[in-house]
Amino acid sequence: MALEPAAAAPPSDREEKILGIIETARAKQAKFRDSHITMAHGAGGKATQSLIEGLFVPAFASQTLRAMGDAGAVSVDDLELALTTDSFVVKPIRFPGGSIGELAVNGTVNDLAMAGARPLALSLSLILEEGLASDDLRAEVEAIAHAAAVADVEIVAGDTKVVERGHADAMYVCTTGIGRRDPRARLSTDALRPGDRILVSGTIGEHGTAIMLARGDLGLDAEIESDTRSLWPAVDALLDAVGPSLRCLRDATRGGVASVLNELARASSVAMIVREADVPVTPEVGGASELLGIDPMYVANEGKLVAFVAPEAAADALAALRCVPGGEGAADIGEVKTEPPGMVLVATGFGGKRVMDQLVGDPLPRIC
Amino acid sequence: MRFVDEYRDAELGQVLAGEILATVEPGRHYKIMEVCGGHTHSIYKYGIDDLLPANVELVHGPGCPVCVIPMGRVDDGIALAREPSVILTCFGDMMRIPGSDGSFLDAKAEGADIRMVYSPLDALRIARENPDREVVFYAIGFETTAPSTALTLKRAKAEGIRNFSCMCSHVTIVPPLRALLDSPDLRLDGFIGPGHVSTVVGARPFEFIPASYDKPVVVAGFEPLDVLQSIHMILRQLVEDRCEVENQYARVVPYDGNVQALKVLSEVFELRPHFEWRGLGFISQSALRLSDAYADFDAEQRFAVPGVRVADPKACQCGEVLKGVIKPWECKVFGTACTPERPIGTCMVSPEGACAAYYNYGRFAREREVV
């Protein structure tokens with residue numbers, strides 16, 4: 001910084017006490033105390049965290065679950081596997097750049113890939129609303145088959161349920177995936193070290209923006225397509241290029257890149273600094289976000305990953321990402337730091353700094 | 001993006017920051033209030049306070065229209081939404097504001113039909129599409145959003161749409177400023193004037209601030225260079241011992257405002273004798289209600305709205321925080337009874353409110369260093 005602001009007065013005793021209370025409250029495990037489930041519990045922010053850490057994890061008492069990975073590690077004799085599951089409830093079911101069927105395959109494949117596992121097979125469960133047009137179902141089944149072929153995974157089991165009209169919205173798709181953990185991978189959410197670089201595999205915010213516009217109630221029109229794709233080729237390339245130097249991978253789905261960074265800053269007790277000017281965003285997504293008052297860092301992606309890499313391997317990792325289809329726009333956006341632990345900071349394009357916090361609920365358009 | 005990036009130029013920002021540093025007198029402390037929540041958002045988004053010398057302090061003002069809605073009015077909205085015939089429509093940022101028993105989001109989760117809209121015209125469209133339902137638009141905002149509500153009501157009247165009404169909580173900008181300025185313990189040196197409101201009301205209504213209260217006002221735009229330049233203009237007034245209304249946002253704000261919008265406002269609305277502001281209490285003639293000509297569209301007349309007043313908790317000291325009398329952590333309930341998850345006062349409700357910002361970024365807000 002060019003300016004040296006004068007030192008602030010030291011905090012008083014009372015202020016110290018209050019700050020202490022806040023820090024104790026923050027460090028406590030999230031509690032789930034809400035009387036009802038609201039949309040915020042599904043938005044990937046603080047409310048979701050309270051549900052997972054305050055209800056699910058304690059109830060199931062699984063060490064693997066406690067690691068909070070995108071997929072759980074399972075070992076069968078000497079075979080190292082990864083298992084994950086996901087449900088897809090997107091509305092509308094078809095949108096520019098993809099559809100619910102493709103998402104259901106790529107989403108689960110990507111959760112496996114983020115655990116450093118080569119996706120092998122999927123199960124497929126469909127919940128269909130009475131009255132769904134058969135042509136719509138056929139189109140989605142074809143989309144699922146196509147996406148599975150592209151991702152090189154086999155659909156090996158399935159289930160179908162039909163519910164009365166109004167009890168589901170067209171169709172919901174659930175997929176469970178199994179993969180084989182790659183011996184080149186040494187990934188963990190608490191492996192981040194100060195100095196590590198933060199990479200994203202391309203321009204961000206496209207999926208969430210495409211969905212918002214496709215719902216049609218914003219009255220905005222722009223050529224923005226969902227980025228849904230399998231990320232295993234990108235992970236494969238990263239493991240090949242920098243294997244042991246790769247600390248952790250996350251696909252930046254619900255809650256966007258900002259949520260991934262916050263989760264990992266907490267999990268590894270490190271700080272992060274993001275250089276806003278280096279974050280790749282297309283002019284279309286940038287413009288739509290500007291109009292809606294939404295930060296693309298919080299918008300969902302379905303084909304972008306965030307990679308944390310040891311500093312000496314960052315250049316090779318970036319080069320590897322850029323050679324993979326869909327990774328041409330990969331960028332180094334920031335660095336892992338020591339202080340203040342658990343916090344993500346942004347060096348804004350304008351030259352200031354601010355905290356990039358977790359979302360409290362869904363990102364809501366602002367009027368003021 | 002053209003016409004946007006020009007106002008976000010980091011190099012020019014550094015130049016302005018340097019000029020600000022050269023303008024301030026060392027040893028003197030400057031407290032400047034940005035009145036409008038939109039400015040608070042810009043300051044936060046671009047990290048503008050990070051570019052200011054330590055003796056220039058920004059105080060977040062009362063200009064966040066959702067945060068100033070008192071709990072009783074939120075409760076009234078929820079009561080309306082619970083009527084089986086009613087579809088309640090509102091802007092997105094209203095959804096999380098807590099009433100005495102939860103927010104609109106909570107009420108929606110419990111089954112009330114509450115829908116987020118981006119314009120009051122969307123609410124009117126919902127009314128046309130649902131002729132067997134009563135569609136209520138929960139109108140909030142300063143003079144900035146009031147004209148769009150007014151035009152929507154005019155259209156509803158012209159089209160004879162009978163199942164549309166408006167629960168009006170529009171507020172006006174001058175009375176709360178006057179209330180703040182009237183308090184004897186005020187500790188502010190100048191004001192960043194609300195640019196968006198001023199596009200409607202103009203800069204002239206703020207002349208009373210330098211004239212009667214001896215504080216400079218600079219009506220400002222919302223890009224980071226706008227905000228920095230406005231701070232510089234206020235500091236120069238203070239240092240040069242001048243005191244006047246200046247218009248930094250002249251590319252958008254006409255000094256006399258938008259005459260047509262003001263005409264529509266006076267046609268559709270009239271002043272309420274009193275209105276309660278969360279954290280600030282009752283302020284005379286500080287809000288709008290529908291005029292007699294539009295009484296048929298007034299949800300408060302069409303439905304039995306409980307209208308129960310829910311007092312701000314006694315311990316809440318938002319008023320003093322807003323006036324710059326105390327720091328957030330000096331409030332009796334800060335961080336204990338009042339937290340961002342369960343806010344009591346207006347300053348904790350909005351993530352950009354002074355208390356919420358301090359709670360979230362606490363120690364870090366003092367020393368912005370990463371190592």
Side-chain angles (χ1 to χ4, degrees), chain A residues 1-3 5-9 11-12 14-15 17-19 21-23 25 33-40 46 50 194 217-219 271-273 277 283 286-287 290 292-293 295 337-340 343 345-355 357 360-368, chain B residues 1 4 8 10 13-14 17-18 21 36-38 41 44-55 63-66 91-93 95-96 105-106 108-110 116 118 122 140-141 144-145 196 224 327 329-330 334-336 339-341 351 359-364 366-371:
Chain A
M1 279 233 352
L3 296 171
S12 70
R14 164 137 174 96
E15 186 175 14
K17 195 177 144 215
I18 297 283
L19 286 168
I21 292 174
I22 295 173
E23 274 158 27
R33 285 190 294 209
D34 305 293
S35 62
H36 290 81
I37 293 300
T38 68
M39 295 307 287
K46 280 184 185 166
S50 78
D217 45 21
L218 293 176
M272 296 184 194
I273 179 99
E290 189 75 37
L292 297 171
D295 183 346
K337 298 279 193 177
T338 313
E339 291 284 333
M343 276 208 179
L345 307 166
V346 183
T348 73
F350 189 62
K353 277 201 204 83
R354 69 175 149 88
V355 177
D357 207 0
V360 175
D362 263 324
L364 300 174
R366 308 158 40 85
I367 61 155
C368 67
Chain B
M1 234 176 307
V4 173
R8 296 179 185 172
Q14 289 294 339
L21 190 62
C36 174
H41 185 69
Y44 167 77
K45 180 173 171 192
Y46 298 102
I48 292 170
D49 44 357
D50 205 31
L51 297 172
L52 297 176
N55 58 336
C64 165
V66 291
F91 291 137
D93 29 8
M95 297 295 282
R96 269 198 282 269
L105 267 184
D106 298 318
K108 180 170 180 273
E110 288 163 31
M116 206 161 68
Y118 303 91
D122 293 339
I140 53 159
T144 327
T145 53
H196 287 149
K327 297 273 186 198
W329 54 267
E330 289 175 300
F334 177 82
T336 48
T339 62
E341 282 77 28
Y359 187 96
N360 285 327
Y361 314 134
R363 204 182 292 277
F364 177 70
R366 305 180 60 89
E367 320 145 19
R368 291 170 165 260
E369 273 318 309
V370 234
V371 287

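Note that this is a predicted model, so its numbers are computed, not measured.
When every heavy atom of B/Y44 is checked against every heavy atom of A/V355, the shortest pair comes out as OH-O, 3.3 Å. When every heavy atom of B/A10 is checked against every heavy atom of A/G349, the shortest pair comes out as CB-O, 3.2 Å. When every heavy atom of A/R354 is checked against every heavy atom of B/K45, the shortest pair comes out as NE-O, 2.5 Å. Minimum interatomic distance between B/Y46 and A/T348 (heavy atoms only, all atoms of both residues): O-OG1, 2.8 Å. Nearest heavy-atom pair across A/I18 and B/W329 is CG1-O, 3.9 Å.
Here the NZ atom belonging to A/K353 is positioned 9.5 Å from the CG atom belonging to B/L51, to the nearest 0.5 angstrom.
At a 4.5 Å heavy-atom cutoff, the contact between B/T336 and chain A is made by side-chain atoms alone. Interface remark: B/K327 contributes no atoms to any contact with chain A (heavy atom separation under 4.5 Å). Heavy atoms of A/I37 lying under 4.5 Å from chain B belong exclusively to its backbone.
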